Amino acid sequence: MQFPVTYGILKPVTSLLAKATGGIAVEKVRVRFAPSPTGKLHIGGARTALFNWLFARHTGGTFVLRIEDTDLERSTQASVEQIIASLKWLGLDWDEGPEIGGEYGPYFQSQRLHLYEDKAQELIEKGRAYLCYCTPEELDAKREEARRAGRPPRYDGRCRNLSEEECAKLAAEGRQPVIRFKVPETGETVVEDLIRGRVVFQNSLLDDFVLIKSNGMPTYNFACVVDDHAMGLTHIIRAEEHLSNTPRQVLLYQALGYEIPKFAHVPMILAPDRSKLSKRHGATSVEEFREQGYLKEAIINYLALLGWSPEGTEEILPLEQIVKEFSLERISKNAAIYDVKKMTWINGHYLRELPLERIVTEALPFLKKAGLIGEEPTEEELRLATDSIALTRDRAKTLVELADGVSYFFKDDFTYDEKGVQKHFAPEGTAERLREAQKRLAEVEPFNAETIETAYRNLAAELGVKAAELIHPTRLAVSGRTIGPGLFELMALLGKEKCLERLDRAVRYIEAGLPALRQAEGALQG
RNA sequence: GACCCUAUGGUCAAGUGGUUAAGACAUCGCCCUUUCAAGGCGGUAACGGGGGUUCGAAUCCCCCUAGGGUCACCA
């Protein structure tokens with residue numbers, strides 16, 4: 001095993017700030033998000049990152065990003081890039097970490113291996129750790145045996161007191177040792193958690209866990225402690241799944257003579273079936289939600305509300321407000337089931353409240369994907385996109401819906417909504433009325449929402465029908481749909497020429513296709 | 001299985017010994033209306049169960065139950 005990278009000063013400094021008032025030393029907050037790059041950033045991870053980020057921004061502290069890539073099998077460069085891209089997209093910027101460095105770097109654990117090696121060596125010298133030559137196969141067998149006998153599957157500590165000769169003998173067999181921590185056999189370890197309070201664990205229940213694997217890589221619990229200390233972190237805010245690991249880490253802090261940071265274990269986010277989030281629950285990664293047309297504002301806002309609550313009753317909160325209000329005290333203790341419906345509602349809110357240009361920018365990729373505009377949109381396409389989105393965004397909940405909702409402004413070859421045809425095209429006299437409307441429309445000048453509406457209302461009066469009887473079939477004729485923006489604005493944007501064409505097409509459609517449809521219906525009813 | 005955490009409507013969640021137990025999403029109804037949204041108004045719906053403590057428990061304690069988490073050379 002080699003340790004190719006040298007890193008700078010790893011000083012365990014906790015920057016102290018003397019408060020202007022009274023001279024009380026106040027520790028400057030340093031927190032981190034430490035994902036392992038074994039997949040995309042899922043919403044649980046994003047929420048943990050968010051809470052850390054919020055806490056840092058609220059307190060004027062430092063937010064560190066550290067990549068825990070010690071699992072050689074599962075870590076990938078692609079995941080690193082994915083996670084970084086998602087964090088950036090969400091706007092969760094870090095003050096130290098990959099791409100920007102910092103004085104406590106490097107920020108990839110795979111580049112800090114000799115630190116862990118040193119610390120493990122130190123523990124061995126202190127008599128707090130030892131070499132263990134048991135093979136994974138032997139351990140598996142023992143675990144299995146213990147399980148069958150109904151005993152807890154703990155490591156039995158058989159290598160705890162190996163002599164040098166014994167070690168040499170086992171090494172000669174070609175065994176690669178791991179380094180294990182010597183857990184006290186008695187006593188208890190207390191975890192003081194900012195959210196859970198005081199949690200006590202019996203040391204006798206813990207076994208001698210591995211610090212350094214036989215391939216030279218550190219385990220999570222070890223690397224985590226070494227780095228959290230080396231990076232001067234003051235608060236460890238992470239998901240509750242780590243609470244049970246914390247006594248091991250506390251033991252390590254003590255053995256290494258480190259000051260113990262403050263812990264805050266935030267509740268987990270569960271899938272709707274109450275189980276841990278996984279692929280089978282549909283979209284769970286930030287990237288997937290993005291692809292489904294969610295805005296970062298909505299995701300952030302929703303995630304902030306999962307496990308944390310503002311003091312007031314308003315739930316739609318701009319990020320600045322959340323930063324201002326955020327506090328660890330208001331984080332709840334119970335796991336939360338995420339509810340896409342609520343996030344979708346929030347998304348809809350931002351879709352109609354954010355500046356139009358912003359929504360257009362966000363929507364463009366979706367319009368391209370839907371084939372509505374080209375890779376390099378023309379001036380004309382951009383104008384139409386902006387205007388159609390302005391008309392439509394109030395009714396969309398996601399960018400995907402929005403792109404779908406404006407599609408008929410860009411494409412002529414839409415089909416008519418089936419139920420709409422039965423309801424609005426089938427009635428006797430519809431073709432005639434549409435023909436009449438078309439004629440009337442041809443004379444409307446200028447062609448704007450107001451003039452169109454006047455023409456329609458007048459025509460309805462003359463024909464002695466309700467305006468709706470004209471409006472509904474027209475909507476279907478010009479958009480293929482029964483729902484959408486106000487018809488007159490829609491037509492104005494579409495332009496006279498297209499409206500006339502589409503009305504004509506509808507009339508021909510009704511005249512050609514509907515008799516057959518009516519007959520079929522008659523046959524069914526008769 | 002052992003250990004740890006948690007427990008207020010379908011979901012999020014306020015609440016820290018005395019409240020008609022907030023609010024939001026969802027859902028239902030009404031209004032507005034050319035449709036659909038949005039918006040407005042209103043409705044349905046909760047303290048898991050059992051023991052204590054107390055004049056008084058959603059709030060404190062114990063037990064049970066349920067859910068989740070951890071028990072790896074994964075993180």
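Values in this document were obtained by computation on a predicted structure and should not be read as measured data. Sequence lines set the chain letters: A, B, ... in the order given, protein chains first and strands last, and positions in each chain run from 1. FYI, side chains are in, hydrogens and waters are out, and symmetry mates aren't considered; it's all heavy atoms of this structure.
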Complementary nucleotide of B/U53, counting Watson-Crick and G-U pairs under 3.5 Å: none

What string of B, S and - do you get for nucleotides 64-75 of chain B, 5' to 3', if B is base contact, S is sugar-phosphate-only contact and - is no contact with any protein heavy atom under 4.0 Å? ---SSBS-SBBB

Within a 6.0 Å radius of atom CD on A/E353, are there more than 12 heavy atoms belonging to other residues, nucleotides or ligands? yes

Count the heavy atoms of every other residue, nucleotide or ligand shown that sit under 6.0 Å from NZ of A/K262, and state whether that count exceeds 12. no

Among B/C4, B/G23, B/A14, the one nearest A/S332 by side-chain distance: B/A14

Kindly say whether the aromatic ring centers of A/Y220 and A/H242 come within a distance under 6.0 Å. yes

RNA chain B nearest-nucleotide lookup for A/P485 and A/E315: closer to the 5′ end is A/E315

Within the structure shown, what part of the strands sits under 4.0 Å from A/R330 by heavy-atom distance: base, sugar-phosphate, or nothing? sugar-phosphate

Nearest-Å distance for atom pair CG/C1', residues A/N334 and B/C47: 13 Å

If I take atom CG in residue A/L305 and atom P in nucleotide B/A22, what distance separates them, rounded to the nearest angstrom? 19 Å

Tell me the partner of B/U27, counting only Watson-Crick (N1-N3 plus N6-O4 or O6-N4) or G-U wobble (N1-O2 and O6-N3) with both under 3.5 Å; none if nothing fits. B/G43

Rounded C1' spacing from B/A13 to B/G69 in Å: 22 Å

For a quick check of understanding: with a heavy-atom distance under 4.0 Å over all strands, which category does A/R475 fall into, base, sugar-phosphate or nothing? base

Could you measure between the two P atoms, the one in B/U27 and the one in B/C32, and give it in whole Å? 22 Å

What side chain to side chain donor-acceptor pair (under 3.5 Å) pairs are there with at least one residue in residues 35-48 of chain A, not counting sequence neighbours? A/K40-A/E287

Distance between C1' atoms of B/U54 and B/U59 (Å, rounded): 13 Å

Can you tell me how far P of B/U11 sits from CD1 of A/I346, to the nearest Å? 18 Å

Sequence neighbours excluded and cut-off under 3.5 Å, please list the side-chain donor-acceptor pairs for residues 324-331 of chain A, or say none.
from: A/E325; atom 1: OE1; to: A/E311; atom 2: N; distance (Å): 3.2
from: A/E325; atom 1: OE2; to: A/Q321; atom 2: NE2; distance (Å): 3.1
from: A/R330; atom 1: NE; to: A/S309; atom 2: O; distance (Å): 2.8
from: A/R330; atom 1: NH2; to: A/P310; atom 2: O; distance (Å): 3.2

Nucleotide B/A26, atom P - distance to OH of A/Y302 in whole Å: 12 Å

Report, as yes or no, whether the 6.0 Å neighbourhood of atom CD on A/E462 holds more than 12 heavy atoms from other residues, nucleotides or ligands. yes

Look through every strand shown and name the nucleotide pairing with B/G1 as Watson-Crick or G-U wobble, where both distances are under 3.5 Å. B/C71

Quick check: any donor-acceptor pair below 3.5 Å linking the side-chain of A/K342 to the base of B/A24? yes

What is the ring orientation for A/F425 with A/Y416, classed by angle as parallel under 30°, tilted 30 to 60°, or perpendicular over 60°? perpendicular

Taking B/U16 as the reference, what is the distance to B/A21 when you measure between their C1' atoms (whole Å, please)? 14 Å

Can you tell me the distance, in whole Å, between the CD atom of A/E314 and the C1' atom of B/A22? 14 Å

For B/A21, the Watson-Crick or wobble counterpart (both distances under 3.5 Å): none

Ignoring hydrogens and angles, are the base of B/C36 and the side chain of A/R395 linked by a donor-acceptor pair under 3.5 Å? yes

Say you draw a straight line from CG of A/L243 to CZ of A/R196; how long is it, rounded to the nearest 0.5 Å? 6.5 Å

If I pick the C1' atom on B/A46 and the same atom on B/C41, what distance separates them, to the nearest angstrom? 24 Å

From NZ of A/K333 over to P of B/U16, roughly how many Å is that when rounded to an integer? 14 Å

If you pin A/R198 and A/H349 to their nearest nucleotides in RNA chain B, which one's is more 5'? A/R198

Write down the distance separating the P atoms in B/G49 and B/C5, rounded off to the nearest Å. 22 Å

Watson-Crick or G-U counterpart of B/U35, or none if no pair lies under 3.5 Å: none

Using the C1' atom as the reference point in each nucleotide, state the distance between B/C12 and B/C62 in Å, no decimals. 30 Å

Within the 4.0 Å heavy-atom criterion, would you say A/T474 contacts the bases, only the backbone, or no part of the nucleic acid? nothing

Looking at every strand, decide which applies to A/A336 at a 4.0 Å heavy-atom threshold: base, sugar-phosphate, or nothing. sugar-phosphate

Rounded interatomic separation in angstrom, taking CG from A/D394 and C1' from B/U33: 15 Å

C1' gap between B/G51 and B/U11, integer Å: 31 Å

Once you apply a heavy-atom cut-off of 4.0 Å, does A/F201 come out as touching a base, just sugar-phosphate, or nothing? sugar-phosphate

Say whether A/T344 and A/N347, considering side chains only, have a donor N or O and an acceptor N or O under 3.5 Å apart. no

Length of the line joining A/M343:CE and B/C25:P, which is rounded to integer Å: 16 Å

Which nucleotide, in any strand shown, forms a Watson-Crick or G-U wobble pair with B/U59, with both distances under 3.5 Å? none

For A/G486, which contact category applies under a 4.0 Å heavy-atom criterion: base, sugar-phosphate, or nothing? base

For the pair A/L277 and A/Y338, evaluate side chain to side chain contact (heavy atoms under 4.5 Å, CB included) and give the outcome as yes or no after the intermediate values. CA-CA 10 Å; A/L277 245 29; A/Y338 82 92; 3.3 Å; yes

Return the pairing partner of B/A7 with a 3.5 Å limit on both distances, Watson-Crick or G-U wobble; otherwise return none. B/U65

